[in-house]
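Structure record follows, encoded as C-alpha cells.
As a basis for the values below, the full set of heavy atoms in this structure was taken, side chains included, without hydrogen atoms, waters or symmetry mates. Read the numbers this way: they start at 1 and go in the same order the structure lists the ligands and their atoms.
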Amino acid sequence: MRATTDLDGLGLDDGGHLLVQRALEPLPSGGRLTVTGRHPALRVHLAAWCREHGHRLAADTETSAAGDAGPVEIIKGTAGERRWHDAQRAGTAQGPPDERADPRWGLAARGALVEAGGPPIGAEWTEREHVWADIAPRLYAAAAASQWDPATAVNWTATLDVPKQIDRAVVQLMTYLVENEQAALIIPARLLSQLHPHFREVMQLLATQAADEARHVEVFTRRGLLSGGPLGTSSAGGRASLQTLLAEPDFTTASFLLSVLGEGTFLDLLRFIHEHAPDPVTADVTRLALRDEARHVAFGVSHTAHLVTTDKSYLGVLRQSVERRHAALHDTAGLNSEVFDSLVLLAAGSWEPAAIRRGWQAVRLLQHQMDEGRRRRLAYIGFPDDEAAELSALHTRNFM
Ligand SMILES: [Fe+2]
Ligand SMILES: [Fe+2]
C-alpha cells in the first residue's frame, strides 16, 4: 500500500511531522509513504524522525539527486502497532461504570484506550457495588448547581439583637457544629482518596460533599464569632464519638454511620436550630447547611440500599458496625451536656421556668423525631422494623 503527502515549505521542526503521521496512519506496517516538500533539511529531519518512531527510509531514497528537500519514501514500521497491541478500554464512557475497575487503568478517563504498562492505581475500592448508587450522577449535578457563596448567601450585616444568654447558647451550638462538620469533611475526603476514579460520579459527588462541609465549617465558625467570641466548649465524649467515624475502614459502613445515621440525625438538628433561630444569621446558616446535608444523606441511604439489594448479608455487616461503635462509646458521655442545655435554652427563648419547660419538651420531641427518622431510613435500607428500632437506639448520643 502506498500514499503520498506534500509538506510544501513546512519543516519537521515546525510541525510537519503531524502531516507525516496523519498520512502514515491508514497504512499497514510495511506500507510506503512518499513525502514531498521544499524544506531544505527535509530528508535529514525525516531520517531522524523515522529512527525515533520505528520507521525507515526506503534505500533508494536515502540519498537522492533531487537534494535534501525530497521526495523521500518512508516504510512504516511496527512500533505503533506493538504499542497499542495490549491496550484496552477503561470501561465505557457512556452509561454506568463497569462492575469492576481494573487498577491498571490507573488515572485514565473512563472509556479511554489505555496503553499497557503504566503504573496501577493503589485504590482500595474497585468494585462498583461497594461504592455505587444509581442516583450518584444526578446528585452530583444537583450539588454542582447548588454551590453557594458564604460571603453573599448569608446576610452577615443583619442586626443580631439577641439576649446575651441566648447568644451564648447559639455560640455553643455553632462550636459543636464546627467539630462535627470537620469530621464530616475528613471522611468523604478520605473515602475519595481510596476510590478508583473509574467511579467518576461518586468521586465528583464526594468532592462536592467535602466542599459543602468546608462551607459549613466556615459559616458556623463565623456565626460563632459574630458576637465577639469566644467560642464554646468541646467535650471529650463528643470528640470520641466523631473519632470512631474517622477510624471506620470500610466505604459502605463509613458512609452508613456518617451519612445515614449521623447526617440523617443532623437534618432534624439543623431544622430545629433553624426553627428556633433567634437571629437571621443563625437561620440562614442552618438553612443553607440543611439543604446540602439532604444530598449527603440521600447518597448514603441510596448507596447502602443499593449494596443491600445486591448482597442481603450486608445488613449483618451494617448492624455490626453500629454495635461495634456503640460498644466503643459505651464509657463516654456521648453528647456534650452544654450542647443539650443550649438546645433547651434556644427553644425556650428565656430563663422563665415555663419557657424552660417548653424548651425541654421541644428537645424531647426533637430526639423523638431523630429516632423516627433513623428508623425510617434503616427500614428503607432493608432492616425489619424491630431491628431498625433497636439499631436507632444504639446510635451515638452525640447525634453524629
Ligand atoms: Fe455539613
Ligand atoms: Fe454532610
Side-chain angles (χ1 to χ4, degrees), residues 131 133 135-136 138-150 153-154 170 172-193 195 201-224 231 234 238-239 241-246 248 251-274 277 281-304 335-336 339 343 370 373-374 377 395-396 398-400:
V131 300
I135 200 176
R138 269 173 292 146
L139 277 179
Y140 166 65
S146 347
Q147 300 289 301
W148 42 272
D149 178 0
V154 179
V170 172
Q172 177 57 64
L173 291 172
M174 293 298 140
T175 309
Y176 160 81
L177 287 175
V178 170
E179 75 184 32
N180 283 271
E181 295 296 349
Q182 290 180 160
L185 189 163
I186 290 169
I187 294 157
R190 187 171 62 80
L191 298 181
L192 177 56
S193 72
L195 176 70
E201 297 88 343
V202 177
M203 175 177 73
Q204 291 165 312
L205 184 61
L206 290 173
T208 55
Q209 188 167 333
D212 291 343
E213 309 301 10
R215 287 197 311 274
H216 302 171
V217 169
E218 178 185 343
V219 295
F220 292 148
T221 302
R222 212 162 151 181
R223 171 58 189 93
L231 288 183
S234 162
R239 293 200 311 281
S241 176
L242 295 175
Q243 197 70 33
T244 58
L245 287 179
L246 298 189
E248 193 62 40
F251 186 100
T252 303
T253 54
S255 165
F256 172 67
L257 293 175
L258 171 71
S259 297
V260 178
L261 296 178
E263 291 174 317
T265 302
F266 255 54
L267 292 182
D268 291 304
L269 179 67
L270 290 168
R271 206 174 287 121
F272 182 90
I273 302 175
H274 175 74
V281 174
T282 303
D284 276 354
V285 293
T286 44
R287 171 182 54 81
L288 290 162
L290 185 56
R291 222 171 60 188
D292 295 336
E293 290 307 330
R295 284 192 307 272
H296 308 170
V297 176
F299 177 68
V301 170
S302 311
H303 164 58
T304 318
L335 184 67
N336 184 349
V339 170
L343 287 171
M370 287 168 159
R374 284 195 298 268
R377 291 181 196 101
H395 182 61
T396 172
N398 186 53
F399 304 144
M400 178 76 89

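The Fe ion (ligand 2) has no N, O or S atom of His216 inside 2.8 Å of it. At a threshold of 2.8 Å, the Fe ion (ligand 1) has no backbone or side-chain N, O or S atom of Asp212 nearer than that distance. For the Fe ion (ligand 1), the N/O/S atoms of Glu181 include one lying under 2.8 Å. At a threshold of 2.8 Å, the Fe ion (ligand 1) has no backbone or side-chain N, O or S atom of Asp292 nearer than that distance.
The shortest heavy-atom contact between Val219 and Pro150 is CG1-CB, 3.8 Å. Closest heavy-atom contact between Val202 and Val131: CG2-O, 3.6 Å. The shortest non-hydrogen separation linking Leu267 to Glu293 is CD2-CB, 3.6 Å.
Looking only at its N/O/S atoms, Glu263 has OE2 as the one nearest to the Fe ion (ligand 2). The Fe ion (ligand 1) sits nearest to atom OE1 when only the N, O or S atoms of Glu213 are considered. Distances from the Fe ion (ligand 2) to the N/O/S atoms of His296 are shortest for ND1. The Fe ion (ligand 2) sits nearest to atom OE1 when only the N, O or S atoms of Glu293 are considered.
Side-chain contact check for Met174 versus Leu231: every heavy-atom pair is 4.5 Å or farther apart.
For His303 and Phe251, the ring centers are positioned less than 6.0 Å apart.
Asp292 and Gln209 share no side-chain donor-acceptor pair at under 3.5 Å.
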